[in-house]
Amino acid sequence: MTNLFLFSRRFLATFALFLAALALTSCKSVTNSDTVDYKSAGAVRGPNLSYPPDLITAQADRRYVVQDGTATMSDYNAALKKNVQMRSNVMTGIPGMRIARDGDRRWLVVDKPAPELYPQVKDFWQENGFLLTVDSPSTGIMETDWAENRAKIQQDWLRSTLNSVLDSIADTGERDKYKTRLEVAKPNETEIYITQKGAMEKCVSDTTGNCLYTIWTPRPSDPELEAVFLQRLMERLGMTQEQAKAMVAAPVGPKTPKAKFVQQANNQGYIELSTSFDRSWRDVGLALDRSNFTVEDRNRSTGVYYVRYVNAKDVGESKGFFSNLFSSSDNAALMAKKYQVLVKSTGENSANVYVQDADGKPENTPAGMQLLTLLSDQLAK
């Protein structure tokens with residue numbers, strides 16, 4: 001049986017080679033020393049990848065909405081130049097900026113109120129080539145669209161020419177998205193967390209090994225990618241490249257295990273943390289960011305995160321949740337359920353974590369135990 005997917009790619013590759021042969025003008029080598037490059041994130045490469053409905057919020061970035069009317073390239077370039085000049089004028093150094101860490105986890109601490117930092121962080125992501133699908137100043141959360149790290153594609157004169165002719169030929173088969181959360185630790189001090197999620201394209205083959213189609217599956221988070229963008233953000237906020245690089249590259253200290261999953265009868269359970277409420281709140285927030293939860297809101301004073309989660313079993317074992325990672329299927333939205341994750345202090349250096357339903361009642365279901373298990377695994381890392 002002829003594989004349409006492979007045939008299409010081979011045809012496009014052959015066609016691109018033919019065009020490249022006509023377009024070659026030199027054999028100059030092209031190299032890129034940067035290991036992270038999402039500048040072309042807005043371009044369409046291959047299938048159009050989009051968020052499932054359960055991960056989309058109403059507060060998307062509106063900067064990229066095309067307004068009525070017409071515009072010329074000269075007008076666009078002038079507006080872009082003016083925008084860059086305006087941002088450069090306010091790029092002054094921020095005192096009291098430092099990297100905090102716990103094991104391989106890093107986050108930025110800035111002696112400045114969150115409302116003042118939020119617009120600068122938003123500009124930072126857009127300047128790095130990302131579109132924002134979540135833009136919520138009220139909760140201090142922003143999230144980028146899925147993007148491809150083009151720096152992972154080896155560049156030479158032939159590939160560079162091929163990309164200029166038919167850009168979709170060169171594809172890493174990987175996508176990344178980044179979530180940023182601004183947390184007010186105390187007055188005039190803000191903690192900034194950047195977490196990365198990755199997806200990888202895999203082939204689904206028949207019994208003979210032929211690729212029938214591809215699906216997107218999750219890949220582990222990369223702390224080093226998170227560190228790269230923390231360093232870039234520090235530079236964006238006014239720190240020199242040498243200072244930021246030195247802070248981010250400081251030796252990683254030991255991480256003390258502090259999470260214990262306690263399972264009780266009748267599908268009841270909780271997580272014991274051997275840290276203060278402040279650190280427990282921070283760690284639970286990071287665990288939610290790294291998992292498949294969508295934080296809609298949070299209330300630090302009551303210790304509650306309001307989240308949504310899609311159970312993979314609800315979507316169906318034939319496909320699985322992550323096969324719909326970029327799907328626009330209505331089923332995913334219908335299956336998305338709301339929960340409350342409660343962080344409750346039990347002492348000076350102890351706290352418990354509970355999963356509750358949307359009404360704040362104990363989630364004594366297998367789904368509740370599954371969510372606790374997922375959070376416990378993340379908190380133990």
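Heavy-atom basis, side chains included; hydrogens, waters and symmetry copies ignored.
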Member of Tyr178, Tyr118, Tyr38 meeting the ring pair (Phe, Tyr, Trp, His ring centres under 6.0 Å) criterion with Trp125
Tyr178
Could you tell me which residues satisfy salt bridge (charged side-chain N to carboxylate O under 4.0 Å, His left out) with Lys197, sequence neighbours excluded, listed by chain and number?
none
Taken to the nearest 0.5 Å, the spacing of Lys260 NZ from Leu273 CG works out to 12.0 Å
All heavy atoms of Ala227 vs all of Val248, minimum pair found to be CB-CG1, 3.6 Å
Judged by atom type as modelled, is there a donor-acceptor pair below 3.5 Å linking the side chain of Ser376 to the main-chain atoms of Leu372?
no
Checking Val295, Leu288, Ile271 against Val341 for side chain to side chain contact (heavy atoms under 4.5 Å, CB included), the one that qualifies is Leu288
Which pair of heavy atoms, one from Trp216 and one from Gly173, lies closest together, and at what distance?
CZ3-O, 3.7 Å
How far apart are the C-alpha atoms of Lys337 and Asp357, what are their side-chain angles, what is the distance that settles it, and do they pass the salt bridge (charged side-chain N to carboxylate O under 4.0 Å, His left out) test?
CA-CA 9 Å; Lys337 297 181 180 179; Asp357 62 19; over 6 Å; no
Do you see a donor-acceptor pair shorter than 3.5 Å between the side chains of Tyr193 and Glu191?
yes
Are Leu117 and Val184 linked, directly or through other ILVMFWY residues, by side chains that come within less than 4.5 angstrom of each other?
no
Hey, are the side chains of Asn149 and Glu174 touching, using non-hydrogen atoms and a 4.5 Å cut-off?
no
How would you list, by chain and number, every residue that makes a side-chain contact (heavy atoms from CB on, under 4.5 Å) with Lys338, sequence neighbours excluded?
Glu296, Arg308, Ala358
Between Tyr354 and Gln268, is there a side-chain heavy-atom distance shorter than 4.5 Å?
no
Would you kindly confirm whether Tyr306 and Phe293 end up in one hydrophobic cluster when ILVMFWY residues are joined by side chain heavy atoms under 4.5 Å apart?
no
Val353 with Tyr270, same ILVMFWY side-chain cluster at under 4.5 Å:
no
To the nearest 0.5 Å, what is the distance between CG on Leu286 and CZ on Arg105?
5.5 Å
Sub-4.5 Å side-chain heavy-atom contact between Gln243 and Glu235
no
Nearest heavy atoms of Asp111 and Arg98, plus distance in Å:
OD1-NH1, 3.7 Å
What pairs with Ser301 under side-chain contact (heavy atoms from CB on, under 4.5 Å), at least two apart in sequence or on another chain?
Asn299
Under 3.5 Å, is there a donor-acceptor pair between the Ser276 and Asp278 side chains?
no
Compare all side-chain heavy atoms of Asp123 with those of Arg236 and state whether any distance is below 4.5 angstrom.
yes
Out of curiosity, does Val262 fall in the hydrophobic cluster containing Leu342 (side-chain heavy atoms, cut-off under 4.5 Å, transitive links)?
yes
Please tell me if the side chains of Lys112 and Leu237 come closer than 4.5 Å, counting only heavy atoms from C-beta onward.
no
Sub-3.5 Å donor-acceptor pair from the side chain of Asp206 to the main-chain atoms of Thr208, do we have one?
yes
Please give me the minimum heavy-atom distance between Trp281 and Glu183, naming the atom from each residue.
NE1-OE2, 3.1 Å
In terms of heavy-atom contacts, Ser345 and Phe277 come closest through CB-CB, 4.1 Å
How many angstroms lie between atom CG of Leu371 and atom CD of Gln356, to the nearest 0.5 angstrom?
12.5 Å
Asp102 vs Arg279, test: side chain to side chain contact (heavy atoms under 4.5 Å, CB included). Steps then yes/no.
CA-CA 10 Å; Asp102 182 15; Arg279 292 195 61 181; 3.2 Å; yes
Is there a side-chain contact between Glu148 and Arg175 in this structure, where contact means two heavy atoms from C-beta onward sitting under 4.5 Å apart?
yes
Is there a side-chain contact between Trp107 and Arg282, using heavy atoms and a 4.5 Å cut-off?
yes
Transitive ILVMFWY side-chain link Phe124 to Val109, under 4.5 Å
no
Main-chain N/O of Ile194 paired to Thr180 side chain as donor or acceptor, under 3.5 Å:
no
Do Met142 and Lys122 have side chains that get closer than 4.5 Å, going by heavy atoms?
yes
Among Asn352, Asn349, Thr346, Thr275, find the residue that satisfies the side-chain hydrogen bond (donor to acceptor under 3.5 Å, both in side chains) test when tested with Ser280.
Thr275
Rounded to the nearest 0.5 Å, how far apart are OG1 of Thr144 and NZ of Lys179?
10.5 Å
Run the numbers on Arg106 and Glu226 for salt bridge (charged side-chain N to carboxylate O under 4.0 Å, His left out), then give the verdict.
CA-CA 8 Å; Arg106 305 174 179 90; Glu226 297 169 354; over 6 Å; no
Give a yes-or-no answer on whether the side chains of Gln196 and Asp222 include a donor-acceptor pair shorter than 3.5 Å.
no
If you count the non-hydrogen atoms of other residues, nucleotides and ligands that lie under 6.0 Å from CD in Gln264, is the total more than 12?
yes
Quick check for you: to the nearest 0.5 Å, what is the distance between Asp289 atom CG and Thr294 atom OG1?
10.0 Å
Just how far is it from atom CG of Leu379 to atom CZ of Arg290, taken to the nearest 0.5 Å?
11.0 Å
Heavy-atom closest contact (Ala250 atom, Arg101 atom, distance):
O-NH1, 3.0 Å
